[in-house]
Amino acid sequence: MNPLLERLHPYPFERLAALLSGIAPPQDRPYIALSIGEPRHAPPAFIGEALLRRLDRLSVYPKAAGLPELRAACAGWLERRFKLGAGAVDPDTMVVPVNGTREGLFSFVQAVLDPADGGLVLMPNPFYQIYEGAALLAGAAPYYLDTTDQTGFLPDLDAVPEDVWRRCRILFICSPGNPTGAVMDEQYLQRVLELSNRYGFVVASDECYADIYLDEDAPPPGLLGACLRAGNTRFERCAVFHSLSKRSSAPGLRSGFVAGDAAIIAGFRLYRTYHGCAVPEMVQLASVPAWTDDAHAAANRLLYRQKFDAVVPVLAAAMPVQRPAAAFYLWLQTPCDDEEFARELYAREHVTLLPGRYLSRDHAGGNPGQGRVRVSLVAEIDECSEAARRIARFVSAIA
Ligand SMILES: Cc1ncc(COP(=O)(O)O)c(C=O)c1O
């Protein structure tokens, strides 16, 4: 077997299952899972209807490049959502569909990295674990950029040593961020672009939460818009990752896309031809209306906003809580060790959430996830409110 497989870390949910095994939670209250970030709002009916209408495509091998109508819909959404201006994104050379961003993030690294080069892949810490797994399996070393309350939950780019920048081949950024919900502003993105310019690394910008934000008047900026404002109209060395999993609450569709630098996209497309991960055509065709219609995404956003409005005051009565700018997580500071918090909460209240340390690595003398838990507000509002009451009761009981 490939020895690099042994370098992979157990997935956070495996660690959670091990932590909770053998515990008998109280059966008088129904189980509530706030641990997994799987959207559970109903996806818009038109996606399923479009899928059914295109079942004839079961008899077609899809192509890695994707259908022109999907690429056009993705480019059109990017131009609307990030105010790029018509024609800023060439759908034929700058966009490629992927089976959700998870698959896209992983395969992108395999296509971009030179395995002989010994380079580094920089990523936030805590993070979405695929960044790390992709780097490890490509034979590269991950380098962790801690995000804490002192850094505004964004990597402190100015704290990265010069020799690390020199060895950096890919910088992963994630805005809005999982698990913190932090958003990179224009100035931050410009700094990222300056560094990429100076050191020549590729920026992989995971923007899969781009359509989940709490202030309707302040949609988070994205990397492509920052490129245009910096005069980088060809998006050189930049790629963004987008998904229908969060925007349209359709994680089972496995539909997303990568867009950016045409030279990178061309290599990525070639890689995908061999990897055999083209998106099925009925999925592509069902994705077209999902990227074209923005009303369902606004309605979806409203549901998350209502949940934050309901949950935050209940928790705030018992513990410190910060309403994030975007995404659907709370990154709560725990009054005790995060694993103990998660275990005891399950044992006493039948609620699961993720210990922060499962989403981050020990680095620079500490673990930025320690003493925090990730609460995922994906359940319906009543269930989220009930879970908040149970967490508040639990915190008061252990105080
Ligand atoms: C930060 C981040 N990136 C990517 C993904 C993958 O999403 P998908 O593959 O469904 O697009 C997730 C899923 O939770 C995520 O949190």
Side-chain angles (χ1 to χ4, degrees), residues 11-13 16 33-41 43 47 66 70 74 77 95-109 121-135 142 144-145 147 153-155 170-184 203-213 220 222-223 239-259 272 277 279-280 283-284 286-287 290-291 297 300 304 324-331 353-354 356 358-360 369 374-379:
Y11 216 60
F13 301 106
L16 183 65
L34 303 181
S35 40
I36 188 161
E38 179 181 70
R40 284 195 234 139
H41 301 159
I47 293 185
L70 174 60
C74 297
W77 174 77
V95 178
V96 68
V98 294
N99 295 282
T101 45
R102 180 187 184 122
E103 179 271 303
L105 291 160
F106 180 83
S107 52
F108 183 81
V109 176
V121 177
L122 274 55
M123 61 196 69
N125 186 37
F127 55 29
Y128 182 56
Q129 194 159 315
I130 300 303
Y131 312 151
E132 180 192 56
Y144 306 108
L145 306 172
T147 68
F153 297 111
L154 298 175
I170 298 177
L171 167 67
F172 273 111
I173 56 175
C174 182
S175 174
N178 169 8
T180 67
V183 164
M184 291 172 183
V203 185
S205 183
D206 181 355
E207 301 179 3
C208 72
Y209 292 96
D211 264 341
I212 314 290
Y213 48 91
L223 188 67
V240 295
F241 296 75
H242 287 284
S243 173
L244 292 176
S245 299
K246 324 290 181 191
R247 165 180 162 83
S248 303
S249 283
L253 190 65
R254 310 311 303 130
S255 180
F257 69 87
V258 181
R272 299 178 68 73
C277 48
V279 179
V283 172
Q284 292 192 50
S287 303
W291 288 115
N300 191 32
Y304 287 116
F328 46 60
Y329 303 107
L330 287 168
W331 183 234
L353 35 68
L354 263 188
Y358 293 0
L359 295 163
S360 38
R374 190 190 75 175
V375 172
S376 181
L377 296 182
V378 290

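All residue numbers in this chain count up from 1 along the given sequence. We count ligands from 1, going down the list as the structure has it; atoms in each ligand are counted the same way.
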Geometric class of the W291/F257 ring pair [parallel <30°, tilted 30-60°, perpendicular >60°] =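 Judged by the thresholds at 30° and 60°, the geometry between F257 and W291 is perpendicular.
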Parallel, tilted or perpendicular, as decided by the 30° and 60° cut-offs, for the rings of F172 and Y131 =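 Taking F172 first and then Y131, their aromatic rings lie parallel (interplane angle under 30°).
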With distance as the sole test, does S243 use its side chain to make a donor-acceptor pair with the main-chain N or O of S245 at under 3.5 Å?
->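 Checked: pair present.
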Would you say the ring centroid of F13 lies under 6.0 angstrom from that of Y358?
->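 Not under 6.0 Å, so no.
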Does Y209 have its ring centroid less than 6.0 Å away from the ring centroid of Y329?
->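 That pair passes the under 6.0 Å test.
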Shell of residues surrounding ligand 1, defined by a 4.0 angstrom heavy-atom cut-off that is strict |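 Around ligand 1, where the cutoff is 4.0 Å for heavy atoms, the contacting residues are G100, T101, R102, L105, Y128, Y131, C174, N178, D206, C208, Y209, S243, S245, K246, R254.
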For S360, side-chain hydrogen bond (donor to acceptor under 3.5 Å, both in side chains) partners two or more places apart =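 Residues passing side-chain hydrogen bond (donor to acceptor under 3.5 Å, both in side chains) with S360: N367.
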